[in-house]
Amino acid sequence: MIPVNEPLLNGNEKRYLIECIESGWISSEGRFVSQFEEKFATLIGRKHAIAVCNGTAAIDVAIEALDIREGDEVIMPTFTIISCINQIVKNKAVPVLVDSDPITWNMNVSEIESKITEKTKAIMVVHIYGLPVDVNPVMKLAEKYNLKIIEDAAEVHGQTYNSQLCGGFGDISTFSFYPNKHITTGEGGMVLTDDDDFAESCKSLRNLCFQSDNRFVHERLGWNYRMTNLQAALGLAQLERLDEFVSRKRDMGKRYTELLSDIDCIQLPLEKTDYAENIYWVYGLILKDSIKINAKEFMTRLSEKGIGTRPFFYPMHKQPIFKKMRLFENDHHPVSENLYDRGFYLPSGMAISDNQIQQVCKAFKEVLKAS
Ligand SMILES: Cc1ncc(COP(=O)(O)O)c(C=O)c1O
């Protein structure tokens, strides 16, 4: 089986983990946590970085720190992971969904302005699958209407938008370090901001809102979302290799494109736009209508040949949980719906070899021929 993802952990990971074990610093108190936060903040060029236990937790903290409450509207893409919307809905705020661009698969920024109302409090941008959102028009809207930006950069460590690193654009920006990401801590996440008050709030929220002078007396409800020293040890070792990892992923993407570009009934990921070069968090593709089977069936047939794949996101407006809650009843976002029906991604992990890419493409062509 060629797995859909396999991380590379052959740098300083083991050495730093052994240091945690030998020193006994395994909780969130160890030195690697603050070092990882400092290095990450410096890399992205932000004043504060707050490490948390996963990327979903990072978004929860961001929503809470921005004080998004009942009735507030947040404009966001429908084509994303549930993590982006959880805390908005739990706080009884209103997610206002935007469809995807059919070429970049990111949120269609031209739809945003028409969705702004007096209740809009924030715009959430989510960079999807390796290409950044066209951020400049969104920043202009945020300025014009005095809105906050939440930037979910979970999938784009090391990616730039017009030469500035992603994770640098939000009032609050977030990352995930799940093992399929460009750098991993096993489970982990980061919140970034330049605002001192938001940073204090995020630090408190990740740590159950304990108070420094009166620890067990609480003025606010938070979570235990702390990152451990063990996770941060992995993160530091991975961060040392970010440039190498980004370049490996770009090579992987180019190799797939070379081997698949002779097939005209599939849409491949864009290699670049005028503001960014793809870093292929995952190598996704879309089956055009001339292929009679849908993505689900195609993935089953690839799996029978030993090839791991993953479906594209199921749009938020189609989620059964939100149907039950009677949300998004009048929403139709055909591009995102098509991305789900016809899209999936191929093995794209950091450890994938050229030989494996060739095997995947061979299997892909065999399935295509038999469909
Ligand atoms: C865009 C996006 N946001 C948030 C997350 C959530 O991150 P985590 O799995 O670390 O909770 C993911 C995870 O893949 C993601 O792709």
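All ligand and atom numbering here is 1-based and tracks the order in the structure.
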Taking the cut-offs as 6.0 angstrom to the six-membered ring centre and 45 degrees off its axis, would you call Arg310 and Tyr345 a cation-pi pair? no
Quick one, Lys292 with Glu297, criterion salt bridge (charged side-chain N to carboxylate O under 4.0 Å, His left out). Give me CA distance, side-chain angles, the key distance, then yes/no. CA-CA 10 Å; Lys292 292 292 163 248; Glu297 178 60 27; over 6 Å; no
Short side-chain donor-acceptor distance under 3.5 Å, Tyr16 and Glu240: yes
When the ring planes of Phe79 and Phe313 are compared, do they come out parallel, tilted or perpendicular, using 30° and 60° as the limits? perpendicular
At a 4.0 angstrom heavy-atom cut-off, ligand 1 is contacted by Asn54, Gly55, Thr56, Ile59, Ile81, Ser83, Val126, Asp152, Ala154, Glu155, Ser176, Lys181, Gly188
Mind telling me whether Phe175 and Phe40 have parallel, tilted or perpendicular rings, with 30° and 60° as the class edges? perpendicular
How is the hydrophobic cluster of Met1 composed, in terms of its other members, when Ile, Leu, Val, Met, Phe, Trp and Tyr link through side-chain heavy atoms under 4.5 Å apart, directly or indirectly? none
